[in-house]
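Below you'll find the structure, written out as structure tokens, and then a few comments.
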Amino acid sequence: MSDQTTLDPDVIIEDHEALDEDYVLTAAFVEKVVDAADDGQGMRLRSLLEDLHPADVADLMGFLTAEHRAVVVLWLPPELLAETLPELDDNIREEVLERVPNATLAEALQELDSDDAAAVVEDLEDDQREKVLSAMPAGDRAAIENSLGYAEDSAGRLMQREVMAAPAFWNVGDTIDHIRRQGDDLPELFFDIYVVDPLNRPVGGLPISRLLRSARSVALTEIMEPINDIAVDQDQEEVAYIFEKYHLISAPVIDSAGRLVGQITVDDIVNIIQEENREDILRLAGVRDEDRGSSVTEIVRGRVPWLAINLFTAVIGASVIGWFEGTIQQIVALAILMPIVSAIGGNAGTQALTVTVRALATRELNSSNAPRTFMRELVVGVANGLILAPLIGVATAIWFRDENWKIGLVIGAAMVLNLIVAATVGVLTPITLSKLKFDPAVSSAVFVTATTDFFGFLIFLGLATIVLI
């Protein structure tokens, strides 16, 4: 790659030129990067990027084509490359890793905490992973391999092995002196010091702020606080729940013998909460996780199965219409009105479903308050029906007054009944799936929509047959 750059005023940019007031990269800045990549101006690229935050570099990678990313990544300083890799979308990261020389990647990974380094190494192909790990110091390599030995969504995979611990017989002065001596060997980010017994089992925790406010002669056991320790095999969703419930900044991770093996910090938990929320939202919509690097083939492959299921359930709903073909032939207005009942029922069911799935995810809903929650949603369904039924009933009676004013009565009654059905399935479906150990966010939406369509058509056409024919 050639470097044709001679530094000029355009090369040195200020932070406000790269980001707009909403902290989004400006089109002008992205264009500068693209132009520099097209011209092979490596030093200009480095100058443009070196002062950006790693999250902004990752965002930039999403705006670039694969060809431009291949050029840009080669000119990122190792430290900036290291901090950018964990921030990248999964598909883009896999692509970028293929472009980075193994020696450069090994150097970059040494700048990361063990948890972030393990997340990057996990995305490498087997042969590249072996080469990169072999190029790393033995200690860093062992920490990454140990992290990868835990289940993917477990606390062991999430934790960083770098942790600050102090024996129970130390005082504040001993601890401060030890921290100062450690220097670069300390974790890059830590909020608490964990007090351990002779078997390296945590017996308490001490925030750095309290340590610095205490006299040097004070024993750690006098000022330490109880801790919420995390089992190494605990699921990351449970870990996130513990952090959220107890407002934790960090927590120690222990193995099966209760020994301290690492820590989890709040920055990791924020990512997990966002990931789980995004996953639930996508599942409710029947799509898989997609990012800016996803190909058309990957997106289609993720969406088609759910569309096929929706097609099947739609056929079931439409089959109900066939049962009342004679009724529809006699009263054509029914064909115009019946989508209204099913559509309102589907929306109401989705509302109840969304609230219930969220309550299950945040553990606000359990067996003790499930009946009360169900009755509340049922009353809400009836109330909504009683509010909407007169509106649609009167409007329909006026619209079709030349045919039969009773159509308004039928659609009003059908609206109330289908909203009751919607509330029932919207609450009971996710609760039942959760009891059966299925993810309620995955299966509930299709079932709720199919049920409200089926009963919406059945109730409306059935009542029309009884009342109008």
Side-chain angles (χ1 to χ4, degrees), residues 50 54-55 57-58 73-74 76-88 90 92-166 178-194 196 200 202 230 232-233 236 239 250-255 259-269 271-272:
E50 62 186 358
V57 178
V73 71
L74 296 179
L76 289 175
E79 184 174 349
L80 180 56
L81 172 63
E83 295 175 350
T84 299
L85 287 173
E87 303 282 347
L88 293 171
D90 291 343
I92 294 177
R93 182 165 61 200
E94 291 177 11
E95 175 195 305
V96 166
L97 290 174
E98 295 175 358
R99 306 283 186 174
V100 181
N102 294 333
T104 303
L105 185 55
E107 180 183 356
L109 291 175
Q110 295 173 49
E111 304 290 336
L112 295 175
D113 290 328
S114 56
D115 57 333
D116 291 329
V120 173
V121 171
E122 182 184 13
D123 287 339
L124 298 175
E125 297 292 340
D126 292 340
D127 56 341
Q128 186 183 12
R129 181 185 303 174
E130 185 177 343
K131 293 176 182 177
V132 170
L133 289 175
S134 64
M136 298 180 67
D140 293 331
R141 180 173 66 250
I144 292 174
E145 291 175 339
N146 184 275
S147 294
L148 293 176
Y150 295 108
E152 183 176 355
D153 294 330
S154 67
R157 181 68 69 88
L158 186 64
M159 73 177 182
Q160 62 181 75
R161 297 180 63 82
E162 299 83 8
V163 62
M164 180 61 207
H178 174 76
I179 292 174
R180 289 173 176 166
R181 287 194 301 268
Q182 290 298 301
D184 293 339
D185 293 331
L186 289 171
E188 182 177 350
L189 182 67
F190 68 102
F191 307 98
D192 297 293
I193 295 169
Y194 302 115
V196 295
N200 200 40
I230 305 293
V232 74
D233 57 353
Q236 64 180 20
V239 177
S250 66
V253 181
I254 57 174
D255 62 14
R259 296 185 296 262
L260 179 67
V261 293
Q263 68 170 339
I264 295 175
T265 53
V266 69
D267 58 317
D268 299 311
I269 296 303
N271 292 334
I272 295 302

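The structure displayed is predicted, hence computed values, not measured ones.
Residue Leu158 is tested with Asp153, Asn271, Ile269 for a side-chain contact (heavy atoms from CB on, under 4.5 Å); the sole match is Ile269. For the side-chain contact (heavy atoms from CB on, under 4.5 Å) criterion with Val100, the lone passing option out of Val132, Leu85, Leu81 is Leu81.
Note that CD of Gln128 and CG of Leu133 are 10.0 Å apart. Values are rounded to the nearest 0.5 Å. Note: Glu122 CD to Leu97 CG = 11.5 Å, rounded to the nearest 0.5 Å. In this structure, CZ on Arg93 lies 9.5 Å from CG on Leu124, to the nearest 0.5 angstrom. Taking NZ of Lys131 as the start and CG of Asp126 as the end, the distance is 12.0 Å to the nearest 0.5 Å. In this structure, CG on Asn102 lies 8.0 Å from OG on Ser134, to the nearest 0.5 angstrom. Rounded to the nearest 0.5 angstrom, Asp255 CG and Tyr150 OH are separated by 7.0 Å.
Between Pro78 and Glu111, the closest side-chain pair of non-hydrogen atoms is not below 4.5 Å. A heavy-atom distance below 4.5 Å is not found between the side chains of Val239 and Ile272.
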Exercise for the section: Show the numbers, then the answer: is there a side chain to side chain contact (heavy atoms under 4.5 Å, CB included) between Val57 and Glu87? Expected result: CA-CA 9 Å; Val57 178; Glu87 303 282 347; over 6 Å; no
Exercise for the section: Go through the steps for Met164 and Gln263 under the test side chain to side chain contact (heavy atoms under 4.5 Å, CB included), then give the verdict. Expected result: CA-CA 9 Å; Met164 180 61 207; Gln263 68 170 339; over 6 Å; no
Practice task
Any chance you could lay out the side chain to side chain contact (heavy atoms under 4.5 Å, CB included) test for Asp115 and Met159, step after step, and finish with the verdict?
Solution key: CA-CA 6 Å; Asp115 57 333; Met159 73 177 182; 5.9 Å; no
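Within a 6.0 Å sphere centred on CD of Glu130, other residues, nucleotides and ligands contribute 12 heavy atoms or fewer. Counting non-hydrogen atoms of neighbouring residues, nucleotides and ligands closer than 6.0 angstrom, the CZ atom of Arg99 reaches no more than 12 such neighbours.
Ser147 places no side-chain N or O within donor-acceptor distance of the main-chain N or O of Ala118, the cut-off being under 3.5 Å. Glu125 contributes no side-chain N or O that, together with a main-chain N or O of Asp127, makes up a donor-acceptor pair within less than 3.5 Å. Checked by atom type and distance alone, the side chain of Arg141 pairs as donor or acceptor with a backbone atom of Met136 at under 3.5 Å. The main-chain N or O of Ile254 is never found under 3.5 Å from a side-chain atom of Arg259 such that the two would form a donor-acceptor pair.
When all heavy atoms of Ala82 and Leu112 are compared, the closest pair comes out as O-CD2, 3.1 Å. Summarising the geometry of Ala106 relative to Ala135, their closest heavy-atom pair is CB-CB, 3.8 Å, with the distance given to 0.1 Å.
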